[in-house]
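Presented below is the structure to which this report refers.
The first residue of the sequence shown is numbered 1, and numbering continues consecutively from there.
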Amino acid sequence: MTTPPHTLVVGGTGMLRGVCLHFAALGHNISVIARSHARLSQLAQSAAGMGGSIWPLAADYHDDQRLALALRAARTARGPIRLAIAWIHGSAGRAPLLVAQTIAPPAGAAQCRFFHVVGSEADDVAPGPALDRDISTMDGVLYRRIVLGFVVEPGGSRWLTNEEIATGVVRAIDHDALRTTIGTTGPRSARP
């Protein structure tokens, strides 16, 4: 019997909720880190009977120690992580690096793909390039960056919906490009 893939989603109860449910439907075991116990519980219930399962882990990624504990708990309980998707605000500067360090497999083990989801504003400022470099040089971690933009429509522009974000993130994972932009990021003057 083959063990289902272990996927990690950080920030999976909001705009990445659809990503969690997509991978649950594909039979993945998903460790989801988010702050709200209630929203984590609702997500786990939504995935019931889909083939995969959601393992909720309540932690705030702004708290390095609690995040590290949740990440280690996920790996210990469910095994090596082969796919990680993380929506982490720039205000939690070390969190993406902590995720990458924790998911990095031991030498000789299968690599882990890490999709870091950022907003277009966060993509414009540090630690973008430095963080990309630090994580992309880690052994066993295949670092990918997904930038969330906006949609220009007749009469104005708007931010992406949660459904558009989830669909775009799944497509980015399927295409496995080093960098993907969902929507558009320019011109800056058109931002909502």
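A search for side chain to side chain contact (heavy atoms under 4.5 Å, CB included) contacts involving Ser41 returns Gln45, not counting sequence neighbours. Listed by chain and number, the residues in a side chain to side chain contact (heavy atoms under 4.5 Å, CB included) with Arg158 are Val151, Glu153, Thr161, Glu164 (sequence neighbours excluded). The side chain to side chain contact (heavy atoms under 4.5 Å, CB included) test applied to Ala109 returns Pro105, Pro106, not counting sequence neighbours. In terms of the salt bridge (charged side-chain N to carboxylate O under 4.0 Å, His left out) criterion, Asp60 has no residue partners (sequence neighbours excluded). Considering only residues two or more places apart in sequence or on other chains, Arg17 meets the salt bridge (charged side-chain N to carboxylate O under 4.0 Å, His left out) condition with none of them. Judged as a side-chain hydrogen bond (donor to acceptor under 3.5 Å, both in side chains), and not counting sequence neighbours, Asn162 has no contacts.
The shortest heavy-atom contact between Met138 and Leu97 is CE-CD1, 3.4 Å. Looking at every heavy atom in both residues, Ile135 comes nearest to Ala100 through CG2-CB, 3.6 Å. Across all their heavy atoms, Val99 and Leu71 have their closest contact at CA-CD1, 3.8 Å. Nearest heavy atoms, Ile54 versus Ala44: CB-CA, 3.8 Å. Between Pro96 and Ala92, the shortest heavy-atom distance links the atoms CD-O, 3.5 Å. Residues Ser53 and Asn29 come closest through the heavy atom pair OG-OD1, 2.8 Å.
The list of side-chain hydrogen bond (donor to acceptor under 3.5 Å, both in side chains) pairs with a residue in residues 100-113, not counting sequence neighbours, reads Arg113-Asp176. Residue pairs meeting the ring pair (Phe, Tyr, Trp, His ring centres under 6.0 Å) criterion with at least one partner in residues 82-108, sequence neighbours excluded, are Trp87-His89. Applying the ring pair (Phe, Tyr, Trp, His ring centres under 6.0 Å) test to pairs two or more places apart or on separate chains, those with a residue in residues 8-34 are Phe23-His28. Applying the ring pair (Phe, Tyr, Trp, His ring centres under 6.0 Å) test to every pair with at least one member in residues 37-73, sequence neighbours left out, gives no pairs at all.
Residues Leu67 and Val141 are members of one and the same hydrophobic cluster, defined by side-chain heavy-atom contacts under 4.5 angstrom among Ile, Leu, Val, Met, Phe, Trp and Tyr. One hydrophobic cluster, built from ILVMFWY side chains closer than 4.5 Å, cannot hold both Val19 and Leu8; they sit in different ones. Two different hydrophobic clusters hold Ile88 and Leu40 under the rule that ILVMFWY side chains link at heavy-atom gaps under 4.5 Å. Val10 and Leu21 fall into different hydrophobic clusters, where Ile, Leu, Val, Met, Phe, Trp and Tyr side chains are chained together by heavy-atom contacts under 4.5 Å. Residue Met15 is grouped with residue Ile173 when hydrophobic side chains (ILVMFWY) are merged at heavy-atom distances under 4.5 angstrom, including chains of intermediate members.
Contact of the His116 side chain with the Tyr143 side chain is registered, since non-hydrogen atoms from C-beta on lie closer than 4.5 Å. Under the 4.5 Å side-chain criterion, counting only non-hydrogen atoms from C-beta, Thr7 is not in contact with Ile81. In this structure the side chain of Val9 never reaches within 4.5 angstrom of the side chain of Leu83, judged on heavy atoms. For the pair Ile85/Leu16, a side-chain contact is recorded, criterion being any heavy-atom separation below 4.5 Å from C-beta on. Using a 4.5 Å cut-off on side-chain heavy atoms (C-beta onward), Cys20 and Leu43 make contact. Annotation: side chain of Thr180 is not in contact with side chain of Arg144 (no heavy-atom distance under 4.5 Å). At a threshold of 4.5 Å between non-hydrogen side-chain atoms, the residues Pro80 and His6 do not count as touching. No side-chain heavy atom of Phe115 sits under 4.5 Å from any side-chain heavy atom of Val169.
Distance check: Arg72 CZ to Leu57 CG gives 12.5 Å after rounding to the nearest 0.5 Å. Separating the SG atom in Cys112 from the CZ atom in Arg75 is a distance of 11.0 Å, to the nearest 0.5 Å. In this structure, Ser120 OG and Ile182 CD1 are separated by 11.5 Å, a value rounded to the nearest 0.5 Å. We find the CG-CD1 distance between Leu148 and Ile146 to be 7.5 Å, quoted to the nearest 0.5 Å. Atoms CD1 and OG1, from Ile33 and Thr13 in turn, are 11.5 Å apart once rounded to the nearest 0.5 Å.
Atom CG of Asp139 has 12 or fewer neighbouring heavy atoms from other residues, nucleotides or ligands inside a 6.0 Å radius.
Other cluster members for Leu142: none, since no ILVMFWY side-chain heavy atom sits under 4.5 Å from it. Cluster partners of Trp159 are Phe150, Val152, counting Ile, Leu, Val, Met, Phe, Trp and Tyr whose side-chain heavy atoms approach within less than 4.5 Å, directly or via other members.
No donor-acceptor distance shorter than 3.5 angstrom exists from the side chain of Arg179 to the backbone of Val147, with no hydrogens or angles considered.
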Report the C-alpha separation of Arg145 and Leu178 in whole Å, then their side-chain angles, then the decisive distance to 0.1 Å, and conclude whether the side-chain contact (heavy atoms from CB on, under 4.5 Å) test is met. CA-CA 6 Å; Arg145 192 169 184 88; Leu178 291 175; over 6 Å; no
